[in-house]
Structure formats: C-alpha cells, structure tokens
There are 2 protein chains.
Amino acid sequence: MATITDVAQAAGVSISTVSYALSGKRSIAASTRQRIMRAIDELEYEPNAGARMLAGARTNILALSAPLGPDGHLPTHMRFVTSVVEAARAHDYDVLLLATDDEVSGIRRAASRSLIDGVVIMGVATVDERVPLVRRLGLPSAFIGVPPGIDDMSCIDLDFDRAGRDAVAMLADAGHAAIGVIGHPHSYVDRDTNFIRRFTHGFDEECRARGVRTATQWPEIGRSGGQQAYDLLREQLPDMTALVFHCNEPIVEGALRRISELGLSIPGDLSVLAACASYAADELETPLSAIPLPLDEMCHSAVENALALVDALGHPKVTLIAPTYLDRGSIAAPKPAAHPA
Amino acid sequence: MATITDVAQAAGVSISTVSYALSGKRSIAASTRQRIMRAIDELEYEPNAGARMLAGARTNILALSAPLGPDGHLPTHMRFVTSVVEAARAHDYDVLLLATDDEVSGIRRAASRSLIDGVVIMGVATVDERVPLVRRLGLPSAFIGVPPGIDDMSCIDLDFDRAGRDAVAMLADAGHAAIGVIGHPHSYVDRDTNFIRRFTHGFDEECRARGVRTATQWPEIGRSGGQQAYDLLREQLPDMTALVFHCNEPIVEGALRRISELGLSIPGDLSVLAACASYAADELETPLSAIPLPLDEMCHSAVENALALVDALGHPKVTLIAPTYLDRGSIAAPKPAAHPA
DNA sequence: GCGCATTGTCGAAGCGCTTCGACGATCGTC
DNA sequence: GACGATCGTCGAAGCGCTTCGACAATGCGC
C-alpha cells in the first residue's frame with residue numbers, strides 16, 4: 001500500500017502539497033499537479049480511510065438506516081437500499097447498512113464512533129425514535145418519508161396526499177362514483193405509518209369533494225389477503241366500478257386473481273389503478289395504470305439532502321415529489337347503470 | 001464526544017491503561033478496570049473509528065459484495081443481505097454494502113483504503129473476477145457459493161449436488177418414474193451459474209442411477225415463464241407424475257397456477273417438491289414440501305469464515321451444508337398406471 | 001519603486017488511538 | 001538474600017493524513 005509520503009517522494013514535493021493537490025483547497029501549479037497525479041497513478045495510491053477520518057473528520061461513509069420488520073416487503077426494501085447505494089457512489093460515498101431491528105442503537109454507535117458523515121433514514125414511522133436521536137447528535141440526516149409535524153429535518157417523499165386526490169380525480173373524471181381501495185396490510189396501519197395516513201387523507205377528501213362513495217380494506221399480508229379484501233369490498237360497496245390498490249404486489253396479485261376468477265375484465269367491468277406503486281405494475285398479468293412511487297428520485301434526493309447537510313451547504317427542508325401517472329389502459333368509463341362488481 | 005483522554009483523566013490512569021482495559025491485551029487490576037469502566041459509562045465513551053483504524057489496523061467493517069443484476073431475485077437478495085448484516089453485528093462488525101454493478105472496483109477501493117477487514121462475497125459466478133482480485137489483495141474473504149476449481153478460498157454453500165440427488169431419491173422412493181424440473185431462468189443458466197450446474201449434475205446422475213426419466217425447462221423470468229415451462233414439460237414428458245422446482249417463487253407461482261387451472265391436485269395428481277427454496281414454500285397457495293436453502297446458516301458461516309481469516313485463526317476451506325427436508329404433504333405415490341399430468 | 005494581493009509550496013502540529021519498551025512492586029524458588 | 005517471573009502501570013512513538021501558519025516569488029496598481 002503506497003502512502004502519501006511515497007507519492008510525495010515520487011513527485012518531489014511535500015506531503016502537504018500532495019494533500020492539497022487532491023483536495024483542491026489550495027492552488028497548485030499545473031505542472032506540479034501533473035507530476036503528483038502521475039505518481040498517484042503509478043503507485044496506485046489510495047488514501048488510508050482511517051487516517052483521513054482522523055485528520056480530516058470526513059469519512060465518506062453514509063449510514064443507511066433501513067430496518068426490515070417481519071412484515072417488510074423485501075423487493076421494495078431491496079430497491080430502496082440499492083438505489084441509495086448507487087446515489088451515494090456517485091458522490092464517492094460508501095454505505096454502511098444498518099438493518100438490525102434496533103436501528104437507534106446502530107445510528108448512535110456509528111455516529112459516536114465518528115464512523116459516518118451522515119445518515120439516510122427510511123421506513124419512517126409516525127413516531128420515530130430516530131428523529132430525536134439524530135437531532136440530539138446533530139448528525140446530518142435525510143429522511144425518506146415525512147414524520148408528521150417535523151419541519152427541522154430534511155425529508156423527501158412522494159406527495160401522498162396529492163396522489164390520493166389524483167387517484168380519485170382520475171377515476172371520477174372517467175365517471176366512477178363508487179371506488180374501492182385495497183390498502184396496505186393492517187399491520188402497517190397498526191403501526192401508524194405516516195404515508196398511509198397522508199394518502200388516505202387526500203383520497204377521502206377528494207371523494208368528499210366529488211361526492212364519490214368509497215370503502216377501504218386493510219388486508220392481511222399476501223395473496224390470500226388480497227383476495228379476501230376484494231371480496232369484502234364487493235360486499236361493502238356492491239356498486240363498485242373502480243378499484244385502487246395502495247399496497248404491494250402480493251396483495252395486488254391476489255386481488256387480480258380473484259377478479260379474474262369472477263370473470264371480470266379490466267377495465268371493461270372494473271377500472272383499476274395502482275397507486276404509489278413501488279413494483280413494476282406493467283409486469284403484472286394485467287398491466288395496470290399506475291401512479292408510480294418515484295423510488296429512485298426519492299433515494300437520490302435523500303442522499304443529496306444528507307450530503308448537503310454534511311457540507312453545511314443546505315438547511316433542512318421537506319420536499320414532496322408531485323405524483324405522475326402512467327396510463328396502461330386499466331381505467332375506462334364504467335358501464336352504464338350496471339352493477340359489474 | 002468523549003475521547004480516551006477524558007476517560008483516562010476521569011479514572012485517574014494513563015490512556016494506555018484505558019486502552020489495555022478495553023483490549024484485554026495486558027493485565028489490569030480489577031479495581032482499576034472498574035474505575036475505567038465506570039468512567040466509560042458515565043462519559044458514554046465510544047472509541048473513534050478513524051483513530052482505531054489508523055493505530056490498530058482493525059476497522060471492524062466487513063464489505064458485502066452483493067451485485068444485483070437486472071434479473072436478480074430481490075427478496076432472496078434482501079434476505080442474504082440482512083442475514084449477513086445480522087451475523088456481522090454479532091461480532092461488533094458493520095457491513096459496507098457494495099451493490100454496484102462493478103463489484104470488483106468496489107472491493108479494490110475499500111481494501112486499498114484500508115477501510116475493511118474482510119469481505120463476504122455472494123452471487124458467485126463460475127468465472128468470477130473477484131477471486132483473483134481478493135487473492136492478489138490478500139484480503140480475508142468468504143464466499144457464499146463455490147466457484148468451481150477453487151480450493152484456496154473460504155466457501156460456504158448448500159451441497160447442491162446432494163440436494164439434486166436427494167430430490168430424485170425422495171420422489172423415486174415414492175414411486176415416481178418421470179420427473180420434470182422447472183429450473184432457474186435461462187438468463188441465470190446463460191451466465192453459467194455454478195450452483196445450477198451442481199444441482200443439475202446431482203439430479204441427472206441420480207435419475208440415471210435409478211432409471212428415472214426426466215426433462216428440464218429453463219423458463220423466462222416471472223409468472224408467465226413458470227406457466228409456459230409447465231406446459232412445455234407436459235409435452236416433453238407426458239407421463240410426468242412429479243415436478244421439482246429449482247427456481248424462485250414467481251416462476252413457482254405461475255406454474256402452480258397453471259397446474260390449478262388444469263384441475264390437477266397436489267399431491268394426488270402431481271407430486272411437487274421445492275428444491276433449494278430460498279422462499280417460504282409453506283406460504284404458497286399450496287404449501288410445498290421443500291429442500292430449503294439454509295440461507296441464514298450460509299450467511300452466518302460466511303461471516304465466521306471471513307472473521308476467522310481476519311484473526312488469522314483459520315485457513316481457507318470449502319464447506320458444503322447437507323440438504324434437509326421439510327415435509328408439507330405435497331409428495332405422494334403416483335396414481336397407478338394413470339397419465340395424470 | 002513601493003505596497004499589497006495572489007500563487008505556490010513548505011514544515012510542523014495534531015487528530016485519537018494502539019502498542020512498544022520500560023520500570024517498580026510483589027511473589028516464588030533456590 | 002538474590003534472582004527471575006509476573007503483575008500492573010506508565011510515557012513515548014507513531015499510524016497516514018489534513019490543515020495551520022509561514023515564507024518566497026510574482027504580478028498588479030498607484
């Protein structure tokens with residue numbers, strides 16, 4: 001392993017000159033810089049991480065606090081994790097993965113050891129212990145998700161409220177007067193997960209404003225949960241002509257299967273919208289029109305937010321990403337005066 | 001942030017005494033040790049990671065090289081990642097996640113910066129560039145998976161060859177003479193993924209030894225791939241009475257759906273075995289008997305292997321975990337002289 | 001020409017810890 | 001009593017880097 005001293009000797013300068021050439025914090029003559037860079041290439045020099053951390057108080061490591069509970073949706077989780085790693089790499093940052101159940105102790109440990117420059121926090125609960133922790137630590141932090149009532153933190157999220165409204169508007173504009181919702185597993189709801197509340201709030205408000213009748217089922221996890229939820233919805237809302245999925249793909253698949261078993265066609269008999277979909281709604285057996293979850297954009301923004309705070313260039317801000325719409329033909333006007341579902 | 005100097009002052013000893021009390025590398029009087037530990041508690045001291053790395057050449061970070069290709073199975077991947085993180089935590093190690101496409105540069109970077117003590121490598125291809133890299137770097141490395149012809153590395157894996165043999169034996173013992181296989185997506189096979197070759201080798205050898213006829217389909221990714229694979233298998237092996245899945249759950253689900261559509265019952269008309277299942281085969285619509293992938297055991301062993309090499313306590317070894325069997329009633333004797341599938 | 005600002009480079013200090021070498025006190029054996 | 005081993009603790013060096021303060025040379029404006 002070549003050290004900075006080796007590079008300095010090879011380039012015929014002092015080690016501080018090498019350090020400045022790398023950091024750009026002082027002017028270096030072009031010819032000197034070239035000599036140094038050549039020496040670095042030839043010696044395959046990589047700065048020692050421990051020395052950099054100790055001397056410069058910058059580690060180039062972000063923690064990702066990504067607790068995976070027993071009911072977590074693995075594909076979505078993995079997508080988030082991967083996207084954060086990619087975004088961090090673009091800034092020469094590595095990601096230390098904190099995936100244990102007790103994420104508070106993970107953050108505390110890594111921060112207290114001065115091992116991380118900042119943290120990206122996902123899986124944000126309504127009352128999230130990580131908020132006061134990072135506040136107390138003064139740790140540059142970026143949330144993927146918005147804990148309610150928090151405005152002194154950097155948060156990025158889809159505008160779930162808007163998404164709920166848009167979902168209703170879209171279906172109401174197509175003529176639907178009775179819209180069912182299959183939501184996330186009730187275990188998420190029991191945990192008072194904030195994004196669900198925001199979506200539901202927007203959805204319900206828009207229904208009220210437009211005189212649309214609605215009912216929601218919070219299913220069990222898994223395909224059978226989706227099937228049962230659809231059956232229950234049909235009882236609750238017998239004239240339902242449109243269905244909104246605000247849940248992940250196993251539930252969606254279960255419900256779609258049930259719809260198919262009942263001989264209902266999409267969108268002929270039932271219009272379907274996948275709202276805030278983290279999955280590829282076009283790869284389902286029936287491709288669904290969707291309001292997609294802008295997962296990559298969220299992750300990239302979260303990393304930018306965290307690094308802005310690390311560099312003291314930014315201040316905490318809450319950013320909501322406007323929902324978009326992907327039309328895959330699963331929405332149409334309801335059949336006249338029929339009771340299709 | 002309290003430093004070791006603060007602790008030493010509070011305990012009335014030198015900083016080297018504090019260091020020895022923490023490391024246990026020199027004898028410390030019990031009363032002195034107590035004074036020190038009390039000071040550590042009161043000051044909430046955590047050692048500075050950079051200083052430890054620089055002074056002691058031990059980082060307490062393992063890298064996890066976990067490349068996720070475009071056809072990767074996200075749930076399985078996430079399970080592996082989580083399990084490695086958990087295993088590392090048990091040894092007070094954190095995990096640096098290298099999930100970028102070019103995993104060779106990730107390992108090289110982290111090692112060259114002396115940022116990691118070792119690396120756990122998953123997603124092992126038959127010809128894997130990471131093998132010569134870690135060999136050249138002399139980096140303590142543990143593979144989840146066995147690159148063929150490699151015996152100077154620490155590898156842990158299920159004994160896929162044995163699993164293939166056991167699958168045949170189990171079904172042949174129940175009386176099946178024609179067994180179909182739905183394997184992993186052909187894109188995996190195109191990549192010459194070694195665990196598939198080992199499973200297939202054991203499977204085919206055991207079929208030959210027992211005079212069992214067999215055919216294999218390598219489907220497209222996804223549910224429809226599973227459905228098509230099953231249909232093709234029925235054409236290839238019209239008297240097929242048993243089916244082995246050696247693939248992940250979307251394909252399994254697609255094939256199971258097709259089986260159900262054809263009005264076939266499991267195990268009455270068709271015996272089914274999930275081989276090397278990384279998913280919870282008991283949570284499928286039809287719970288399947290399975291040879292499970294011992295994912296957690298593999299990950300924990302890999303971490304142990306890596307740390308043994310870090311501590312220079314172990315030498316590279318290849319360990320194959322014997323397959324186990326979970327009976328969930330999806331295997332029975334074939335119907336006499338019928339052509340059920 | 002003089003003074004000030006900029007460019008370019010240097011040596012030294014020090015970040016927080018680990019570990020080496022040393023020393024004093026105590027104990028056990030001859 | 002003398003010697004060697006062990007226990008217990010210390011101060012100093014140094015790990016590889018960043019950054020401070022300083023200095024010399026050069027360029028520009030008055």
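In what follows, chains are A, B, ... by sequence order, proteins preceding strands, each numbered from 1.
Applying a 4.0 Å cut-off to non-hydrogen atoms, none of the residues of residues 34-45 of chain B approaches DNA chain D.
If you check every strand for non-hydrogen atoms under 4.0 Å, B:Thr3 touches sugar and phosphate atoms only. Counting any heavy atom pair closer than 4.0 Å across all strands shown, A:Val13 reaches sugar-phosphate atoms only and no base atom. Within the nucleic acid shown, B:Thr32 comes within 4.0 Å of sugar-phosphate atoms alone, with no base atom in reach, counting heavy atoms only.
Along DNA chain C, the stretch of nucleotides lying under 4.0 Å from any heavy atom of chain B spans, 5' to 3', C:dG16 to C:dA22.
Nearer to the 5' terminus of DNA chain C, by closest-nucleotide assignment, is the contact made by A:Gly12 (compared with the other of A:Gly12 and A:Ala51). In terms of position along DNA chain D, the nucleotide closest to A:Thr5 lies nearer the 5' end than the nucleotide closest to the other residue of the pair A:Thr5 and A:Arg26. Comparing A:Ser31 and A:Ile15 by the nucleotide of DNA chain C whose heavy atom lies nearest to each, the residue mapping closer to the 5' end is A:Ser31.
Without hydrogens or angle criteria, A:Arg35 side chain to A:Ala11 main chain gives a donor-acceptor distance under 3.5 Å. In terms of modelled atom types and a separation under 3.5 Å, the side chain of A:Arg130 and the main chain of A:Ile121 share no donor-acceptor contact. In terms of modelled atom types and a separation under 3.5 Å, the side chain of B:Asp128 and the main chain of B:Ala125 share a donor-acceptor contact. A donor-acceptor pair under 3.5 Å is absent between the side-chain atoms of A:Asp41 and the main chain of A:Arg38, judged by distance alone. B:Asp94 places no side-chain N or O within 3.5 Å of a backbone atom of B:Ile61 that could act as its donor or acceptor partner. Between the B:Asp117 side chain and the B:Arg58 main chain, no donor and acceptor come within less than 3.5 Å of each other. Using a distance-only test at 3.5 Å, with no hydrogens or angles considered, no donor-acceptor pair links the side chain of A:Ser114 to the main chain of B:Asn48.
Side-chain contact between B:Val124 and B:Val146: absent, with no pair of heavy atoms (C-beta onward) separated by less than 4.5 Å.
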